[in-house]
Asks: 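I have a structure I would like to understand better, so I am pasting it below and will then ask my questions one at a time.
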There are 2 protein chains.
Amino acid sequence: MALGTDYETQDCSLARALEIVGERWTMLILRECFFGVRRFTDFQQRLDISKAVLTQRLSALTDAGVLERQPRGGRTDYVLTAAGLELWPALHALIRWGDGRSDPTRRRRIFSHGLCGTDIDEFGRCAHCESVPAATELRVRPGPGLGPATRTDPISMALRTERALLTPF
Amino acid sequence: MALGTDYETQDCSLARALEIVGERWTMLILRECFFGVRRFTDFQQRLDISKAVLTQRLSALTDAGVLERQPRGGRTDYVLTAAGLELWPALHALIRWGDGRSDPTRRRRIFSHGLCGTDIDEFGRCAHCESVPAATELRVRPGPGLGPATRTDPISMALRTERALLTPF
DNA sequence: CAGTATCCCAAGCGATACTG
DNA sequence: CAGTATCGCTTGGGATACTG
């Protein structure tokens with residue numbers, strides 16, 4: 001069986017999810033979306049991805065209902081839909097797992113609950129509010145593991161300060 | 001830049017995670033591990049994956065410290081390590097997201113907290129215990145969305161009953 | 001700016017056969 | 001049982017050039 005062409009025999013919905021978000025680059029694109037990136041050119045420059053591939057991925061995500069095209073200033077924004085926003089727990093879990101692999105004390109990005117300022121734990125929970133905040137309620141800031149600034153573009157610079165997730169650039 | 005060959009420029013640990021678990025088939029293999037599959041042949045038959053690819057994935061996961069080889073009865077078991085078990089939140093979030101995409105009332109697999117019997121929510125929480133149980137404390141049972149039994153092998157049949165995660169076959 | 005079009009190479013993967 | 005070896009196709013994707 002060719003994975004990607006026939007998921008019918010898989011008795012678990014994981015395969016269905018991977019069909020949409022399991023391709024190379026897709027998760028990285030979505031991470032950028034959560035960080036507030038919306039423009040084709042910004043995705044392309046930040047990820048250093050070929051334009052053909054980026055076009056294909058953005059279209060696939062749009063077709064799948066994860067992203068939505070919105071006109072802004074004569075240009076197109078790619079914005080997370082409700083279904084896309086629901087991917088946050090999965091994305092966050094992967095980020096935390098990747099972060100914990102080296103030195104857990106040196107995380108690269110730290111997420112906090114905007115309403116109360118408490119950092120969320122590895123399961124996405126805010127200990128103070130006893131809730132699992134949605135992505136729209138979170139803020140990001142650089143952690144101790146984030147390296148020195150190598151990029152000087154406006155987006156990279158903004159992401160070196162604390163900032164609400166999803167705020168458009 | 002070629003994704004998969006150079007993640008150094010990625011300022012987020014998501015890329016690091018995807019380097020290990022982002023390849024095709026890898027997540028499906030890990031799902032089987034959480035369900036208790038440990039043998040080469042069982043993976044191969046359940047996933048209908050080519051032996052060459054399975055070999056490569058199992059070796060990569062072993063090298064990455066996600067799986068561990070354990071001799072059992074003259075054969076080899078592939079068993080999740082502590083780092084592998086920590087992938088559960090990410091895997092669970094993806095499964096839930098994939099399940100919710102069609103009809104949320106018709107989930108295929110339902111996970112419950114073995115200690116108290118309460119189903120866990122989409123964030124992995126047990127409402128009764130106010131905790132996020134580890135994979136070792138969970139049980140799986142078929143949900144209303146699981147189709148009719150098409151496979152009659154022992155593993156598929158066992159997975160149509162309630163069962164603790166990670167129990168070896 | 002936001003793509004499309006073309007080219008071409010490399011990797012991924014399935015199928016099959018073989019092995020200790 | 002648990003792989004290796006070989007083959008050959010198909011896809012992915014980087015590079016470059018072009019377009020409304």
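Numbered from 1 within each chain, the chains take letters A, B, ... in sequence-line order.
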Asks: Does C:dG12 pair with anything, Watson-Crick or G-U wobble, both distances under 3.5 Å, and if so, with which nucleotide?
Replies: D:dC9
Asks: Hey, which sits more toward the 5' end of DNA chain D by its nearest nucleotide, B:R39 or A:K51?
Replies: B:R39
Asks: Checking A:S156 against A:R46: is there a side-chain donor and acceptor pair closer than 3.5 Å?
Replies: yes
Asks: Measure CD1/A:I49 against C1'/D:dA15 and give the value in whole Å, please.
Replies: 14 Å
Asks: Compare the minimum distances between each of D:dG13, C:dC13, C:dG3 and the side chain of A:R57, then state the nucleotide with the smallest one.
Replies: D:dG13
Asks: What nucleotide among C:dG12, C:dG3, D:dG3 has an atom nearest to a side-chain atom of B:T55?
Replies: D:dG3
Asks: I'd like to know if the side chain of B:R57 reaches the main chain of B:R24, judged simply by a donor and an acceptor atom lying under 3.5 Å from each other, with no hydrogens or angles considered.
Replies: yes
Asks: Counting only side-chain heavy atoms from C-beta out, which of C:dG14, D:dG3, D:dA2 sits nearest to B:T41?
Replies: D:dA2
Asks: Given atom CD of A:E23 and atom P of D:dG13, what is their separation to the nearest angstrom?
Replies: 7 Å
Asks: Below 30° counts as parallel, above 60° as perpendicular, anything between as tilted: where do the rings of A:W88 and A:F111 land?
Replies: perpendicular
Asks: Using a 4.0 Å heavy-atom cut-off across all strands, classify A:Y78 as base, sugar-phosphate, or nothing.
Replies: sugar-phosphate
Asks: Return the value, rounded to whole Å, for the distance between atom CZ of A:R24 and atom P of C:dG12.
Replies: 7 Å
Asks: Does the ring of B:F169 carry B:R163 above it, NZ/CZ under 6.0 angstrom from centre and within 45° of its axis?
Replies: yes
Asks: Would you mind pulling out the nucleotide paired to D:dG20, Watson-Crick or G-U wobble, both distances under 3.5 Å?
Replies: C:dC1
Asks: Rounded to whole Å, please give me the gap between CG in A:L54 and P in D:dG13.
Replies: 12 Å
Asks: Atom CD of A:Q44 and atom P of D:dT16: how far apart are they, to the nearest Å?
Replies: 13 Å
Asks: Quick test of your reading of the model: are B:D119 and B:R107 salt-bridged, counting only N-O distances below 4.0 Å?
Replies: no
Asks: Give the residues of residues 66-77 of chain A touching DNA chain C, defined as any heavy atom closer than 4.0 Å, sorted by residue number.
Replies: A:R75, A:T76
Asks: Taking only residues two or more places apart in sequence, or in another chain, which ones meet A:T105 in a side-chain hydrogen bond (donor to acceptor under 3.5 Å, both in side chains)?
Replies: A:D103
Asks: Whether A:R69 and A:D77 form a salt bridge (side-chain N of Lys/Arg under 4.0 Å from carboxylate O of Asp/Glu) is what I want to check.
Replies: no
Asks: Expressed in angstrom and rounded to an integer, what is the separation of B:F40 atom CZ from D:dA2 atom P?
Replies: 8 Å
Asks: Between atom CD in A:Q56 and atom C1' in D:dT11, what is the gap in whole Å?
Replies: 11 Å
Asks: What integer distance in Å separates B:L58:CG from D:dG3:C1'?
Replies: 11 Å
